[in-house]
Amino acid sequence: MGRGQKRGRTQRKHFKENRENLWKYSNDGDNRAGDVASQSNSHNPSWEPFNTENQAFEEYYKEQGIVSEEEWSKFISFLRKPLPAWSVYKDIQSQLENDFSKSLEADLGHEYETEPIRPLAWYPGNLAWHSNFSRMQLRKNQTLERFHEFLKLENEIGNITRQEAVSMVPPLFLDILPDHHVLDMCAAPGSKTFQLLEMMHQSSNVGLLPNGLVIANDVDVQRCNLLIHQTRRMCSANLIVTNHEAQHFPAVTNQLLFDRVLCDVPCSGDGTLRKAPDIWRKWNSGMGNGLHRLQVQIAMRGLALLKVGGRMVYSTCSMNPVENEAVIAEILRRCGSTAELVDVSGELPQLIRRQGLKNWKVRDRGLWLHSYEDVPPARKGVILQSMFSPAQSSEDLGSSSSDVPVDTILAADTVEEENGTSRSQTVSSDNPGSEYDFLVDGAILTDIPHDQNNGAFFIAVLRKLAPLQDGSFQNNHPWAPDDDPQKTNNVGSKPLHLEGEKESGNVAKSGLQIQGKWRGVDPVVLFEDEDVIKTIRTFYGIDTSFPLEGHLVTRNTDSSRVKRIYYISKSVHNVVKLNFKVGQALKITSLGLKIFERQTSKETYASSSCAFRISSEGLPLLLPYIRKQIIHASLADFENLLKYRNIKFSEFIDVYFGQKASNLAFGCCVVVLNKGKTNLSAMVSPVDSQELLARLSFKHKGSAPVEEKAETGSEENVEEVPEDVEGNGESGDGDQVKEPEEQHDCAGMFQ
Ligand SMILES: C[S@@+](CC[C@H](N)C(=O)[O-])C[C@H]1O[C@@H](n2cnc3c(N)ncnc32)[C@H](O)[C@@H]1O
């Protein structure tokens with residue numbers, strides 16, 4: 001690969017991860033950094049790491065008492081160390097357990113205090129693994145090369161997720177069940193959405209689609225596309241991706257409230273300093289201050305959309321109490337008795353955690369502000385009362401003429417002891433006498449990097465006890481006017497929803513105009529063309545126990561020009577119908593999984609009796625129900641097909657297989673093999689071919705991944721799988737789908 005290509009790929013990767021390149025080229029050789037420098041520069045003096053000094057940062061967190069004075073130097077030195085490179089997860093644990101963990105331990109064990117790779121103790125089912133190698137080490141060390149190649153390939157294919165370990169924590173506290181309706185409010189790039197889907201599918205019965213669904217939302221369209229890409233490999237028919245400001249997420253009737261809400265809000269991200277050292281340069285206290293208002297708004301919206309009894313996780317990857325504890329204190333103050341913190345100290349016991357801060361200060365333009373009274377009048381629109389710890393807030397409110405009822409201020413009667421705290425005094429999280437009601441022990445978890453060699457995170461788990469009162473949305477401070485529930489279509493004590501048929505009738509009338517309401521987003525159209533559905537069912541012999549009717553959607557209003565058909569679960573179908581009723585309040589970017597695609601090869605299109613082929617994303621779902629157009633190849637023939645991609649019937653090693661192939665109806669056949677007149681062509685992209693070959697190689701020969709690039713073979717009859725960002729896939733079956741009579745093991749043989 002040439003230099004240019006490499007650079008392009010790196011840039012794409014950084015775009016995907018939404019961050020700048022971590023390392024910058026330097027001519028001056030001036031090395032200002034600490035540990036990062038010593039790790040990286042030793043072999044490449046021309047690369048200079050980011051400066052990991054920021055006086056304002058250190059001053060801020062020292063003053064906040066984020067850790068005790070004795071811990072400070074350990075804390076800061078860990079922040080300057082690069083994060084271990086890989087946290088991998090899903091589906092490949094057997095390879096990690098049986099192959100790499102042993103070989104790496106044998107080759108490199110003596111160099112490390114802990115195992116080179118190991119499962120994360122707190123992650124259920126050994127699904128998450130952690131490696132101790134930095135990216136630089138993975139690239140440099142020859143012993144690690146094979147491991148690195150394996151990770152790269154699996155990552156490229158999407159079988160593993162590279163995720164910072166702490167970023168996997170919030171979904172685990174949501175206790176997802178298969179019938180839950182889950183809202184992921186700020187979801188892109190989708191690593192937590194993926195986990196949510198995985199948990200939902202894992203806990204549903206094999207072969208059945210869960211009854212629940214996940215709505216993954218993000219305000220940024222481009223990041224929504226990343227999310228779609230990221231979650232596509234989950235093959236879920238139970239996912240809807242939407243594109244809204246989370247704080248204004250629309251109410252779609254009171255029938256669409258959520259059992260679980262994840263509020264992984266935008267934050268300053270200083271908990272990710274080890275992964276994104278560019279934050280050292282950018283960090284200032286204004287970053288957290290500037291996000292607090294939005295964070296409260298998003299969290300309040302999340303609570304409004306939560307069912308009574310439902311659980312919401314609020315999380316950030318920031319250490320800043322203004323973005324964390326202050327937000328929780330404020331939403332609890334607003335909710336009064338309608339929401340509470342949940343003690344999760346008994347959940348994930350192996351996860352090392354700390355309690356949240358119980359007191360903190362606000363810094364603005366170089367000034368430490370001890371209470372809201374200290375805020376200069378000109379800054380009162382920026383520095384909000386809710387940013388201060390409840391102790392200071394209640395003190396101010398008690399002595400002011402504010403009309404906020406005293407009983408809505410948490411811990412108003414426990415403040416006296418804290419009043420004596422001097423501004424300069426560091427207040428640590430275990431400060432005696434600061435047991436404010438809002439900080440239920442065990443309900444707020446923070447992680448500090450040196451606790452378990454991670455990044456930092458903040459999590460609070462909340463439960464809704466009753467519908468929110470309208471007053472919850474009215475701020476008692478000079479806040480943005482859009483907190484008004486009437487303007488944001490809020491779901492408070494009076495849910496805004498369709499009342500009976502009258503309104504739905506109105507909406508139905510204007511349906512077509514509404515279809516075009518979201519500019520640039522294709523409308524969601526239920527695919528109900530009975531003839532086409534019947535032809536597809538007959539051609540592939542799809543068992544009648546697999547429901548197609550009522551589960552298919554497209555994004556094209558002209559059914560004769562439909563290119564892709566998506567499969568949606570019943571739960572998603574219900575939401576789509578509700579959404580029609582309320583005038584397409586939800587801006588749906590993507591839903592379900594792509595199951596059928598119009599044939600694109602001219603020859604196939606003209607000669608086949610079925611205009612649609614099965615999409616590779618939809619195949620796992622459909623496979624157990626296909627009775628026709630399915631053949632089984634020997635390993636050698638399968639490998640050859642993937643390698644050469646186009647083979648004449650007469651040239652297969654297994655003559656009988658060649659004959660069977662030639663007897664199939666003209667058109668598409670499973671597994672991703674396309675039958676031409678005289679040959680078979682692999683209907684998988686070259687990358688997928690390579691991955692399948694690698695899997696075959698591991699499974700049957702125990703060797704390293706196939707390095708050889710798959711040849712594209714003859715162009716005749718070769719159809720590339722089109723690249724598009726829509727649609728995902730699912731590997732179960734649904735709703736009313738009965739257990740399949742017979743299980744074909746096409747995909748399974750590679751796992
Ligand atoms: C911390 S990231 C979320 C990470 C994501 N949960 C994951 O695990 O991959 C925050 C996300 O919030 C999005 N965002 C920012 N402001 C938003 C808003 N007002 N409404 C919805 N999403 C927002 C950003 O585009 C960003 O993708």
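- Taken to the nearest 0.5 Å, the CG atom of Leu196 stands 6.0 Å off from the CG atom of Leu262.
- For the pair Asn217 (side chain) and Val241 (backbone), a donor-acceptor distance under 3.5 Å is absent.
- With Val575 as the fixed residue, the side-chain contact (heavy atoms from CB on, under 4.5 Å) test singles out one of Val524, Leu586, Val252, Ile568: Leu586.
- Taking Ser285 as the reference, nothing meets the side chain to side chain donor-acceptor pair (under 3.5 Å) condition, with sequence neighbours excluded.
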Next on the checklist: Is there a side-chain contact (heavy atoms from CB on, under 4.5 Å) between Tyr123 and Val169? Walk through the geometry before answering.
Outcome noted: CA-CA 8 Å; Tyr123 201 99; Val169 179; over 6 Å; no

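- Using modelled atom types and a 3.5 Å distance limit, the side chains of Asp184 and Thr193 yield a donor-acceptor pair.
- Here the straight-line distance linking atom OG1 of Thr242 with atom CD1 of Ile215 works out to 6.0 Å at 0.5 Å rounding.
- By the side chain to side chain donor-acceptor pair (under 3.5 Å) test, Trp283 is found to be paired with Asp270, residues two or more places apart in sequence or in another chain being considered.
- Nearest approach of Phe458 to Ser318, heavy atoms of both residues: CB-O, 4.0 Å.
- We find that Lys62 and Glu59 are not joined by a salt bridge, their nearest charged nitrogen and carboxylate oxygen being 4.0 Å or further apart.
- Every residue meeting the side chain to side chain donor-acceptor pair (under 3.5 Å) condition with Glu340, not counting sequence neighbours, appears here in chain and number order: Arg463.
- Met185 CE to Gln247 CD: the interatomic distance, rounded to the nearest 0.5 Å, is 8.5 Å.
- Counting only residues at least two apart or on different chains, the side-chain hydrogen bond (donor to acceptor under 3.5 Å, both in side chains) pairs with a member in residues 304-315 are Asp259-Lys307, Asp264-Ser315, Arg311-Glu347.
- Rounding to the nearest 0.5 angstrom, the gap separating the CD1 atom in Ile279 from the CZ atom in Phe57 is 9.5 Å.
- With sequence neighbours left out, Arg365 forms a side chain to side chain donor-acceptor pair (under 3.5 Å) with no residue at all.
- Atom CG of residue Asn574 and atom CG of residue Asn579 lie 12.5 Å apart, to the nearest 0.5 angstrom.
- Residues satisfying the ring-ring contact (aromatic ring centres under 6.0 Å, His included) criterion with His244, sequence neighbours excluded, are Phe249, Trp518.
- In this structure, the ring of Trp368 has its center less than 6.0 angstrom from the ring center of Tyr60.
- The distance from atom CD of Gln297 to atom NE2 of His292, rounded to the nearest 0.5 Å, is 9.5 Å.
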